[in-house]
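Heavy atoms only: backbone and side chains are in, while hydrogens, waters and symmetry mates are out. Starting from 1, each residue takes its place in the sequence as its number.
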Amino acid sequence: VRTITQSPLSIQERLTLMWSNHFTSEMDVVNLAEYMHLQNELLRKNIWGNFKTLVYNVTIDPAMLIYLDGWRNFKTGQRGQINENYARELMELFTCGIFDWNGNPNYTENDVQEAARSLSGWILGQSSKGSNYLSLKSVFLPSRWDSGSKTFLGKSGNWNTKDVIDVLFERRSDQIAKFIAEKI
């Protein structure tokens with residue numbers, strides 16, 4: 001059993017707790033203990049690593065896909081099923097915050113919409129045990145991804161999940177560094 005007081009590296013457990021509060025999910029919503037456990041292990045395993053890599057891994061984490069409706073974010077017809085929940089939280093709560101240190105907005109409503117389009121296509125995988133069982137991994141389905149051109153933070157391209165995170169970290173690196181340093 002790992003606890004903050006008993007762990008040989010209590011800083012590891014303190015950071016795991018901090019990241020689980022930062023990248024918040026709730027059992028009441030996720031409703032699968034296995035997904036919550038895997039998310040906790042993801043945070044624990046990545047506390048010493050690259051923050052951008054952690055953000056990408058949390059973005060496609062099954063617990064987060066359920067918690068912020070990422071698994072419901074997919075292209076149909078005229079983008080009728082694009083869900084903006086995770087895209088908004090990605091910028092507002094997880095990376096750069098609403099405003100920079102001068103009070104200027106870090107993103108626009110259009111940036112949220114374009115990021116949501118880029119983040120589309122992820123689902124909860126099916127287990128090899130049959131279609132009634134979920135696997136413990138997420139799966140990207142290109143047929144559910146909005147593959148059209150998008151403009152995010154002033155940069156245009158045929159963005160996918162990795163791309164939108166790359167653009168976010170390229171365009172808002174100073175804001176992300178300050179926002180996360182203040183959180184820690």
Side-chain angles (χ1 to χ4, degrees), residues 15-47 49-76 79-99 105-126 134-148 150 152-153 159-169 171-172 175-176 179-180 183:
L15 285 171
T16 301
L17 178 61
M18 194 252 348
W19 287 128
S20 69
N21 286 319
H22 180 76
F23 294 110
T24 189
S25 296
E26 296 176 35
M27 183 60 184
D28 291 349
V29 176
V30 176
N31 206 26
L32 287 165
E34 294 89 343
Y35 285 168
M36 295 301 294
H37 172 75
L38 288 174
Q39 185 179 69
N40 189 268
E41 288 301 311
L42 168 71
L43 298 173
R44 180 173 285 108
K45 186 171 75 174
N46 286 278
I47 60 169
N50 182 294
F51 182 64
K52 184 167 85 169
T53 301
L54 176 59
V55 168
Y56 176 80
N57 289 332
V58 167
T59 299
I60 64 170
D61 172 66
M64 189 60 74
L65 286 173
I66 293 171
Y67 187 68
L68 288 174
D69 300 317
W71 69 278
R72 293 181 174 158
N73 182 15
F74 58 92
K75 178 184 175 183
T76 61
R79 296 186 200 93
Q81 296 297 316
I82 295 297
N83 187 297
E84 299 172 4
N85 287 352
Y86 184 80
R88 185 175 314 283
E89 302 302 351
L90 172 64
M91 293 178 279
E92 182 176 328
L93 297 178
F94 299 159
T95 56
C96 59
I98 299 171
F99 301 104
N106 274 323
Y107 58 90
T108 66
E109 190 61 29
N110 189 66
D111 291 323
V112 171
Q113 294 165 358
E114 297 290 87
R117 292 178 55 212
S118 302
L119 296 168
S120 64
W122 290 94
I123 65 164
L124 305 172
Q126 299 298 312
L134 293 173
S135 89
L136 298 178
K137 296 185 180 188
S138 56
V139 175
F140 179 75
L141 291 181
S143 63
R144 292 175 55 115
W145 172 54
D146 186 332
S147 60
K150 303 141 190 115
F152 176 65
L153 297 176
W159 309 129
N160 62 26
T161 301
K162 182 184 177 311
D163 298 327
V164 81
I165 291 170
D166 286 346
V167 171
L168 177 61
F169 275 76
R171 298 289 180 144
R172 297 293 182 266
Q175 292 85 354
I176 292 169
F179 186 75
I180 298 305
K183 287 270 185 156

Practice task
Could you tell me whether the side chain of Asn106 reaches within less than 4.5 Å of the side chain of Asp111, counting heavy atoms only?
Solution key: no
Practice task
Can you spot which of Gln39, Glu89, Glu26 makes a side-chain hydrogen bond (donor to acceptor under 3.5 Å, both in side chains) with Tyr67?
Solution key: Glu26
Fill in the blank from the handout: The reported gap from NZ in Lys162 to CD1 in Ile165 (rounded to nearest 0.5 angstrom) is 9.0 Å
Handout entry: Over all atoms of both residues, closest heavy-atom pair of Phe152 and Leu168
Key = CE2-N, 3.9 Å
Problem - Whether over 12 other heavy atoms sit under 6.0 Å from Lys183 NZ - result: yes
Practice task
Determine whether Lys137 and Leu38 make a side-chain contact, defined as any pair of heavy atoms from C-beta on separated by less than 4.5 Å.
Solution key: no
Problem - Side-chain donor/acceptor of Lys150 to backbone N/O of Glu114, under 3.5 Å - result: no
Practice task
Any chance you could measure Phe140, atom CZ, to Ser120, atom OG, to the nearest 0.5 Å?
Solution key: 6.5 Å
Practice task
Any chance you could measure Leu42, atom CG, to Leu54, atom CG, to the nearest 0.5 Å?
Solution key: 6.0 Å
Exercise for the section: Could you tell me whether the side chain of Thr95 reaches within less than 4.5 Å of the side chain of Phe169, counting heavy atoms only? Expected result: yes
Practice task
Mind listing the closest non-hydrogen atom pair of Ile66 and Val30 along with its distance?
Solution key: CG2-CA, 3.7 Å
Practice task
First locate atom OH of Tyr86, then atom CD1 of Ile60, and finally report the distance between them rounded to the nearest 0.5 Å.
Solution key: 10.0 Å
Handout entry: Test item: Trp19 and Asn46 side chains (from C-beta on) under 4.5 Å apart, heavy atoms
Key = no
Handout entry: Residue pair Ser118 / Asp163, side-chain heavy-atom distance below 4.5 Å
Key = no
Practice task
Just do the side-chain contact (heavy atoms from CB on, under 4.5 Å) check on Leu124 and Val139 with the steps written out, would you?
Solution key: CA-CA 6 Å; Leu124 305 172; Val139 175; over 6 Å; no
Practice task
Report yes or no: does Asn73 contribute a side-chain atom to a donor-acceptor pair with the main-chain N or O of Asp69 at less than 3.5 Å?
Solution key: no
Problem - Side-chain (Asp61) to main-chain (Val58) donor-acceptor, under 3.5 angstrom - result: no
Practice task
With side-chain contact (heavy atoms from CB on, under 4.5 Å) as the test, would you mind laying out the steps for Gln113 and Ile82 before giving the verdict?
Solution key: CA-CA 8 Å; Gln113 294 165 358; Ile82 295 297; over 6 Å; no
Handout entry: Closest approach of Asn85 to Asn83 (non-hydrogen atoms, all atoms of both residues)
Key = N-OD1, 2.9 Å
Handout entry: Tyr107 vs Val112 side-chain heavy atoms within contact, under 4.5 Å
Key = yes
Exercise for the section: Please examine the side chains of Tyr56 and Thr53, heavy atoms only from C-beta on, and report whether any two atoms are closer than 4.5 Å. Expected result: no
Exercise for the section: Identify whether the distance between the nearest side-chain nitrogen and carboxylate oxygen of Glu84 and Arg88 falls below 4.0 Å. Expected result: yes
Practice task
Identify the heavy atoms of Ile123 and Leu141 that sit nearest to each other, and give their distance.
Solution key: CD1-CD1, 3.4 Å
Practice task
Working to the nearest 0.5 Å, report the span between CZ of Phe74 and CG of Asp146.
Solution key: 12.0 Å
Exercise for the section: Locate the shortest heavy-atom distance separating Gly97 from Phe179; write the atom from each residue and the value. Expected result: CA-CE1, 3.6 Å
Completion exercise
CG (Asn160) and OG (Ser147) are apart, to the nearest 0.5 Å, by 11.0 Å
Fill in the blank from the handout: Tightest non-hydrogen contact, residues Ala87 and Ala115, listed as CB-CB, 3.9 Å
Practice task
Indicate the ring-plane relationship of His22 and Phe94, choosing parallel, tilted or perpendicular according to the 30° and 60° boundaries.
Solution key: tilted
Handout entry: Check: Val55 and Phe23 side chains under 4.5 Å, non-hydrogen atoms
Key = yes
